[in-house]
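Right, one structure below, let's go through it.
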Amino acid sequence: MSQTSVCFDTETTGLKALEVELIGIAFSYEVGKGYYVSFPENQEETKTILEEFRSFFESDIEKIGHNLKYDIKVLSNYQMPVKGKLFDTMIAHYLINPDMRHNMDVLAETYLNYQPVSITELIGKKGKNQLFMRVVPIKDQTEYAVEDADITLQLKEHFTKELESGNVTKLFNEVELPLVSVLTAMEIEGINVNTDFLKELSIALTNDIDALEKSIYEQAGEEFNIASPKQLGIVLFENMKLVDKPKKTKTGQYKTGEDILSALEKEHKIIRDIKEYRQYKKLQSTYVDALPNEVNPKTGRIHTQYMQAVAATGRLSSNNPNLQNIPIRTERGREVRKAFIPKSQEYVLLAADYSQIELRIIAALSEEETMMEAFKNGEDIHASTAAKVFNVPLEEVTREQRSNAKTVNFGIIYGVSAFGLSNQTDLSRGEAKELIDTYYETYPKLKAYMTAQVDFARDNGYVETVLNRRRYLKDINSRNAMVRSGAERNAVNAPIQGSAADIIKLAMINIYNRFEKEGFKSKMLLQVHDELVFDAHKDELETIKPIIKHEMENAFKMSVPLDVEIGIGYNWLEAH
DNA sequence: GAAGTCACG
DNA sequence: ACGTACGTGACTTCA
């Protein structure tokens, strides 16, 4: 092949890239044309046939695809690396408009005015009657697969131009595409989990849940399904009449969320038990019992998937299983973290966290000197804020003042209202308003920055991050006040959250490249928005610690220093 | 499949 | 006067 760029698309036996078998590969390098290579069930033969394509996959020919991470992982099952420049149409479209869907079917209709044969038409609806791709006649496989490859090739032409007009070509080429390889490697690597420990944890939880259940039934004077918000609401508010005017959801059910129950704690002892019951049930079903089932039988490790084109701000998301929401805030929840362990006795887990990255970004972007100085001097930012807004010396800040300042600091990033702040603190609505006003007086340029962001969005229809990642805000000029203020909060929040995402992505790419170049045994495993987790080989610890710290703190230069804290341990909890 | 709830940053 | 903090994913219940 003498082409400089070729589109390819793999057909497989399922959705779990690391567990499926290859059925076919479609190639297209001329619009309207394509070729399909079919693979037999015998995996040795499949490997032999695939070897014929090694020179292509290892060449510097540009590889075009839609969600290339999936195809690269499938090929990795056969020790077939994919090298050279990449072009991923899913990610391209994510940068062009992150709020939209990026399915190839939708994109084909929108940009090519063409309706491709859907996978459902080919193999039927999800369910027991769904066909296996293996039994689809080769002719139909070919038509379907080649069509997808052809469409992807055509989409590339559109998106190349649109990336340019959206000013995101550089972000695409220098961040998102290199990140594909980084995420692929992290997903393939996986993480080790102590399933025996989780089994014991589950037994202990069951004991406590059973006792709580008994106690709740006694106090309620009846048996019901505590896990049913509907039944619980009736018990609490109709039978026990714990409150006069209970709040209701939009469907007319009683609200029984955590915030509602907490406000009721002084009314009846049953509330504490219900909250505890809910917490333990959640831990058990979502983590303790679910995680062992996610262990890959071949590798013995858990391999999450990172979604690179989901979060509208530029963040990653994690699923199957989600390893970005492992408990840490409660004593019992923290136990789950102990189950995440290094790959062997020669390793430890290393966790590296950005300290207050979003506040540092808003300080730098707004050039609010007071806040910038606090960060430059390494102050405790929440205490420092408290000292200023409550007008007391730093040493005399009370815990409550610091806690309220912390809530405002976070609230600012989200576009807080007095009502929202009073809900999150013990402050009245009036006190909350006063605190916010004082906050803006203390940090006037912060307020100016936020106003400027909203103005920019009104004029341009979008906001952008430090790496020019855009988020379009179509509702910014809406006549509906609630819809409009939602967009205004996005105008402030998206550049902050998105810039933090940009920065950690840069750090991940640089760390990955250095690790590759130096041939370290240590591997990057997880990303949790402002944290990276590694299997760190004990012999390499003192070498990689400064590398990780340096790459994270210097990934992007701002007028405020970034600070990274590193911890190590024999499990993820200890590493914090 | 929607709604409610709750785990994380 | 209105409703109310940004971004996610997973589990259970129930129509």
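Throughout, a chain's letter reflects where its sequence line sits, starting with A, and its residues are numbered from 1.
The one candidate from A/R471, A/Q453, A/R470 that meets the side chain to side chain contact (heavy atoms under 4.5 Å, CB included) condition with A/E464 is A/R470.
Residue-level contact check: A/E531 touches neither bases nor backbone, having no heavy atom under 4.0 Å from any strand. Residue A/I328 is in sugar-phosphate contact alone, with no base atom involved, counting any heavy-atom pair closer than 4.0 Å across all strands shown. Using a 4.0 Å heavy-atom distance criterion, A/K281 is classed as making no nucleic acid contact. Counting non-hydrogen atoms under 4.0 angstrom, A/R429 reaches a base of the nucleic acid. Within 4.0 Å (heavy atoms only), A/N225 reaches sugar-phosphate atoms of the nucleic acid but no base atom. Within 4.0 Å (heavy atoms only), A/R329 reaches at least one base atom of the nucleic acid. Counting non-hydrogen atoms under 4.0 angstrom, A/T407 reaches a base of the nucleic acid. Among the heavy atoms of the strands lying under 4.0 Å from A/G411 is at least one base atom, whether or not backbone atoms are also near. Looking at heavy-atom distances under 4.0 Å, A/Q424 makes contact with a base. In this structure, A/V528 reaches the sugar-phosphate backbone alone: every heavy-atom distance under 4.0 Å involves primed, P, OP1 or OP2 atoms, never a base. In this structure, A/R315 reaches the bases: a heavy-atom distance under 4.0 Å links it to at least one base atom across the strands shown. Counting non-hydrogen atoms under 4.0 angstrom, A/V310 reaches the backbone sugars and phosphates but no base. Looking at heavy-atom distances under 4.0 Å, A/S485 makes no contact with the nucleic acid at all. At the heavy-atom level, A/A500 lies nowhere under 4.0 Å from the strands shown.
Here the separation of C/dC2 from B/dT5, taken at their P atoms, is 24 Å to the nearest Å. Across the C1' atoms, C/dG3 and B/dC6 are found 22 Å apart, a figure rounded to whole Å.
Where DNA chain B meets chain A (any atom under 4.0 Å from a heavy atom), the bounding nucleotides read 5' to 3' are B/dA3 to B/dG9.
In this structure, the CG atom of A/L323 is 18 Å from the P atom of C/dT8, given to the nearest Å. Atom P of nucleotide C/dC11 and atom CD of A/E258 are separated by 21 Å, given to the nearest angstrom. Following rounding to the nearest Å, A/R479 (CZ) and C/dA1 (P) show an atom-to-atom distance of 23 Å. Atoms CG (A/N293) and C1' (C/dC11) sit 14 Å apart, rounded to a whole Å. Counting to the nearest Å, the P atom of C/dA5 and the OH atom of A/Y414 are 12 Å from each other. Taking atom CG of residue A/D99 and atom C1' of nucleotide C/dG7, one finds them 11 Å apart after rounding to whole Å. Between the CE atom of A/M482 and the C1' atom of C/dG3 there is a distance of 6 Å, rounded to whole Å. Rounded to an integer number of Å, the gap from A/Q453 CD to C/dC6 C1' is 14 Å.
A/K230 has a side-chain polar atom (N or O) that falls below the 4.0 Å cut-off from OP1 or OP2 of C/dA15. For A/T286 and C/dG9, the shortest distance from a side-chain N or O to OP1 or OP2 is not below 4.0 Å. Side-chain N/O atoms of A/Q284 include none lying less than 4.0 angstrom from OP1 or OP2 on C/dC11. Between A/N490 and the phosphate of C/dG7, there is a side-chain N or O to OP1/OP2 separation shorter than 4.0 Å.
Here the nucleotide nearest the side chain of A/K282, chosen from C/dA5, C/dC14, C/dA10, is C/dA10. In this structure, of C/dA10, C/dA5, C/dT8, it is C/dA10 that holds the atom nearest to the side chain of A/N319.
Of the N and O atoms on the side chains of A/T385 and A/Y443, at least one donor lies less than 3.5 Å from an acceptor on the other residue. Between the side chains of A/K199 and A/T195, no donor-acceptor pair is found at a separation under 3.5 Å.
Note: A/F237 and A/Y254 have tilted aromatic rings, judged against thresholds of 30 and 60 degrees for the angle between ring planes. Under the 30°/60° scheme for interplanar angles, the aromatic rings of A/F410 and A/H382 are found to be tilted.
Counting only heavy atoms from C-beta outward, the side chains of A/L467 and A/K505 never approach each other to under 4.5 Å.
Taking every heavy atom of both residues into account, A/A500 and A/E358 meet most closely at CB-CG, 4.2 Å.
Counting non-hydrogen atoms of other residues, nucleotides and ligands closer than 6.0 Å to CD of A/E267 gives a total above 12.
Side-chain atoms of A/S417 come within donor-acceptor range of the base of C/dT4, with a qualifying N/O pair under 3.5 Å.
Both A/A481 and A/Q497 lie near DNA chain C, and the one whose nearest nucleotide falls closer to the 5' end is A/A481. Each of A/I412 and A/E294 lies near DNA chain C, and the nucleotide nearest A/I412 is the one positioned closer to the 5' end.
For B/dA7, the paired base is C/dT8 (Watson-Crick or G-U wobble, both distances below 3.5 Å).
How far NZ of A/K281 is from CD of A/E213: 7.0 Å, rounded to the nearest 0.5 Å.
Take A/Y287 and apply the ring-ring contact (aromatic ring centres under 6.0 Å, His included) test, not counting sequence neighbours, and it matches no residue.
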